[in-house]
Amino acid sequence: ELIVLSGKKLNFLDLTDDKFTLTRTVDLEKYYPNQEVATRLWNENIRESKLLATMIYPVSEMDINQARVWIKDIRYTEVSDIASMFLFSKLPFAEQLCLEFVESDNENQIYFAFRLFIRLLINKSEISKEAIQTLKAKALEYCGRLLQSKQKQPWLNPPFSEFFPISIIIAQISISG
């Protein structure tokens with residue numbers, strides 16, 4: 001079964017006889033925003049459920065402690081990407097989360113911090129100059145570290161290898177701005 005997000009609808013498709021057949025559609029509008037459903041989806045521990053949870057969790061209900069719990073639970077780069085876009089970039093303490101998790105020893109959490117930072121830049125969010133400088137410096141540090149690691153271990157697995165393009169982007173921002 002293939003799940004496709006189209007606007008605010010989830011389409012479930014089956015592949016039979018070399019063609020896709022729409023089996024059902026779920027209208028997310030019915031569930032949005034819904035803290036209870038989002039929390040249950042998050043706790044399912046399925047990548048797709050976590051993606052959907054970040055789309056329907058009410059921004060006003062997410063506190064910093066709950067955000068920390070969710071971020072520490074992220075195992076896939078796609079969840080970091082979508083969670084940053086739909087939920088965490090809209091939180092009033094998003095900058096604080098960036099600064100906190102960029103210092104982590106956990107690669108998934110560092111990846112999340114950079115994705116959230118990039119999302120905040122894309123959204124033209126208010127970010128303090130100190131935070132920007134700290135995150136740029138960390139990006140440059142990781143970029144150098146990754147270049148060295150990649151030379152030694154070109155087979156690096158995600159999410160560590162995923163830092164490379166992100167670090168380059170932030171490094172370019174750092175150099176140009």
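If you read the sequence from its start, that first residue is 1, and numbering goes on from there. These values consider heavy atoms only, across backbone and side chains, with no hydrogens, waters or symmetry-generated copies.
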ask   = Using a distance-only test with no angle check, is there a side-chain donor-acceptor pair under 3.5 angstrom linking Ser49 and Glu44?
value =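 Looking only at side-chain atoms, Glu44 and Ser49 do not form any donor-acceptor pair under 3.5 Å.
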Starting at [atom1] of [X], measure out to [atom2] of [Y] and round the result to the nearest 0.5 Å.
X: Ser84; Y: Arg115; atom1: OG; atom2: CZ; answer: 7.0 Å
X: Lys90; Y: Thr54; atom1: NZ; atom2: OG1; answer: 9.5 Å
X: Gln66; Y: Thr39; atom1: CD; atom2: OG1; answer: 6.0 Å
X: Phe101; Y: Ile74; atom1: CZ; atom2: CD1; answer: 8.5 Å
X: Asp81; Y: Leu116; atom1: CG; atom2: CG; answer: 11.5 Å
X: Ile118; Y: Ser89; atom1: CD1; atom2: OG; answer: 12.5 Å

message = Checking Leu41 against Glu48 for the side chain to side chain contact (heavy atoms under 4.5 Å, CB included) test, could you report, in this order, the C-alpha distance in whole Å, the side-chain angles of both residues, the deciding distance, and whether it holds?
response = CA-CA 9 Å; Leu41 285 166; Glu48 289 75 11; over 6 Å; no
For [X] and [Y], work out which heavy atoms get closest and say how close.
X: Leu97; Y: Arg68; answer: CD2-CG, 4.4 Å
X: Ser104; Y: Ile110; answer: O-CD1, 3.1 Å
X: Asn108; Y: Ser80; answer: O-OG, 4.2 Å
X: Val79; Y: Leu51; answer: CA-CD2, 3.6 Å
X: Leu135; Y: Phe117; answer: CD1-CD1, 3.3 Å
X: Ile64; Y: Phe93; answer: N-CZ, 3.4 Å

Ring-ring centroid check Tyr57 Trp70, cutoff 6.0 Å =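 Yes, close enough.
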request  = State whether the side chain of Glu95 and the backbone N or O of Ala131 hold a donor-acceptor pair below 3.5 Å, judged by distance alone.
outcome  =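 Not confirmed, Glu95 side chain does not pair with Ala131 backbone.
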key: Check: Asp63 side chain, Asn65 main-chain N or O, donor-acceptor pair, under 3.5 Å   =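 Yes; at least one donor-acceptor contact below 3.5 Å.
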task = With side chain to side chain contact (heavy atoms under 4.5 Å, CB included) as the test, would you mind laying out the steps for Lys50 and Asp73 before giving the verdict?
result = CA-CA 10 Å; Lys50 289 186 183 301; Asp73 196 32; 2.7 Å; yes
ask   = Would a hydrophobic clustering, with Ile, Leu, Val, Met, Phe, Trp and Tyr connected at side-chain separations under 4.5 Å, put Met55 with Ile46?
value =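 No, Met55 and Ile46 fall in different hydrophobic clusters.
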